[in-house]
There are 2 protein chains.
Amino acid sequence: MAYRETEKMRQRKAQARQRIIDCTYECVANGGFRSARITRIAGLAGVATGTIYRHFESREDLFAEIFRTATQREVDKVAEALTTDGDAAVRLEAALRQFAERAMRGPMMAWALIAEPVDPKLEEERLVYRRAYAELFEKAIRDGIEEGCIPDQDARQSSTCLVGAIAESLVGPLSPTLAGQITIADIDKNKLVDSIIRFCMQGLTGTRR
Amino acid sequence: MAYRETEKMRQRKAQARQRIIDCTYECVANGGFRSARITRIAGLAGVATGTIYRHFESREDLFAEIFRTATQREVDKVAEALTTDGDAAVRLEAALRQFAERAMRGPMMAWALIAEPVDPKLEEERLVYRRAYAELFEKAIRDGIEEGCIPDQDARQSSTCLVGAIAESLVGPLSPTLAGQITIADIDKNKLVDSIIRFCMQGLTGTRR
DNA sequence: ATAAGCAGTGAATCATTATTCATTTCTTGT
DNA sequence: ACAAGAAATGAATAATGATTCACTGCTTAT
């Protein structure tokens, strides 16, 4: 035996893997999953197409990993927003705002995660992702019910409605035919986010403000 | 000139075309667009694959037509529900209920129309379709604002939220991996529809009931 | 009956990309 | 320096289904 995997090699491989991930992320953030061809990713990462398959089982697998990573990043941000000061209703509002605003800041990636037509395997990941958001919201709603700042309701159902209302409201503005071509003014973005949130908070609290 | 298209022939062609449409509809209602292969549709309709192309430009075109037909049927039903007696809020509630209940009655078709990943051209049709719903709701909301039974708000934005909240709430229960395998009891369906609608109506009116 | 022209046919073609794998290049321990 | 293995390569392959088109067979008007 002459060759034995060494630390240096392990690192080099890890780097290549990371480079592939980064380049895939970039491709997706640029044109969605559909347009992210293996050859293009390989080219960007400076490896041969075959090399991709030494690091990932398949294209779907690679995409699933990107999806999870990107998702986790977003979900974490929303979770973080839920830790701000204030009662549960205030925290929820902050979280909803975080969700919507981040989506508008990276529209193509948001579209890819929320609405782009994808293969069944990725679609499953997407359901997990939407569930993750819904669960965060659900928890906050329950807290609010306990605190008394949100009236009693089916927290799970309401959280699902929240995710749907936001996602639907964003799909139009995020659609890649529009995004990039039309630049949505910041003031419009704010108005959009505000009105989404008003609807959502009313839906939750049954209270106008 | 010896052959001239006659009424009989025109009808026969129209029949073939209709048969193709019907069979495509059936395929889609059974397994969504993705699984509706041209060969299968042709087989069901009792024509050769080539014949499909004498009636439709392409698969996408055929699908677009099915999509529009199926959509129109649904939108009409919702529009009809909006003509019932009562104030705008009551009418809206009836419409939302119609939307949700019909979706649960034909889950696979509903999924195909609402959530199935489809090609870009169909995706465009889908946006039109969602817009159509949103516009109906929007009109009703404006009516409600005038009547005074719904508080002043961005009707367009609210209508979008309504569509999103309902669609999202249904996606889980409609998902084809579940639908057909798990049979949702009628009582659960009713509960689901009720809680979706409660959220939506609160979101609109800012009033608990 | 016949010829002209259209409708129907379905096997063969095409297009698109992900994936493979025989070959080459690089690493390592002796 | 060398042999043993591992990693990288990328041209060739595979798989999938939509679409085509040269041909067959009806319909029609005379």
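Order of the sequence lines sets the chain letters (A, B, ...), proteins ahead of strands, with each chain counted from 1.
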Q) Any Lys/Arg nitrogen of B:Glu7 or B:Arg10 sitting under 4.0 Å from an Asp/Glu carboxylate oxygen of the other? A)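 Salt bridge flag = yes for B:Arg10 with B:Glu7.
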
Over 60° means perpendicular and under 30° means parallel, so tell me whether A:Phe99 and A:Phe137 are parallel, tilted or perpendicular.
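A:Phe99 and A:Phe137: parallel rings.
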
Value in whole Å for how far the [atom2] atom of [N] lies from [atom1] of [X]:
{"X": "A:Phe56", "N": "C:dT20", "atom1": "CZ", "atom2": "C1'", "value": "18 Å"}
{"X": "B:Glu7", "N": "D:dT28", "atom1": "CD", "atom2": "P", "value": "11 Å"}
{"X": "B:Arg10", "N": "C:dA7", "atom1": "CZ", "atom2": "P", "value": "11 Å"}
{"X": "B:Arg4", "N": "C:dC6", "atom1": "CZ", "atom2": "P", "value": "9 Å"}
{"X": "B:Gln15", "N": "C:dA7", "atom1": "CD", "atom2": "C1'", "value": "15 Å"}
{"X": "A:Lys8", "N": "C:dC26", "atom1": "NZ", "atom2": "P", "value": "12 Å"}

Per-nt protein contacts along nucleotides 7-21 of chain D (heavy atom under 4.0 Å; B base, S backbone sugar-phosphate only, - none) come out as BBBBB-----SSBB-

Using the side chain to side chain contact (heavy atoms under 4.5 Å, CB included) rule, pick out the option among A:Leu82, A:Val163, A:Asp76 that qualifies with A:Leu136.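 That would be A:Leu82; it is the only one of A:Leu82, A:Val163, A:Asp76 passing the side chain to side chain contact (heavy atoms under 4.5 Å, CB included) with A:Leu136.
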
Please report, to 0.1 Å, the donor-acceptor pairs under 3.5 Å made by any side chain of residues 29-54 of chain B, with sequence neighbours excluded.
| residue | atom | partner | partner atom | Å |
| --- | --- | --- | --- | --- |
| B:Ser35 | OG | B:Gly31 | O | 3.0 |
| B:Arg37 | NH1 | B:Arg34 | O | 3.2 |
| B:Thr51 | OG1 | B:Ala48 | O | 3.4 |

Notebook entry, point to check: Just wondering, do B:Leu122 and B:Glu60 contact through their side chains at under 4.5 Å, heavy atoms?
Noted result: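 They are not in contact (no side-chain heavy atoms under 4.5 Å apart), so the answer is no.
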
Does one side chain, of B:Gln157 or A:Ser169, offer a donor that lies under 3.5 Å from an acceptor on the other?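 B:Gln157 vs A:Ser169: donor-acceptor pair found between side chains.
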
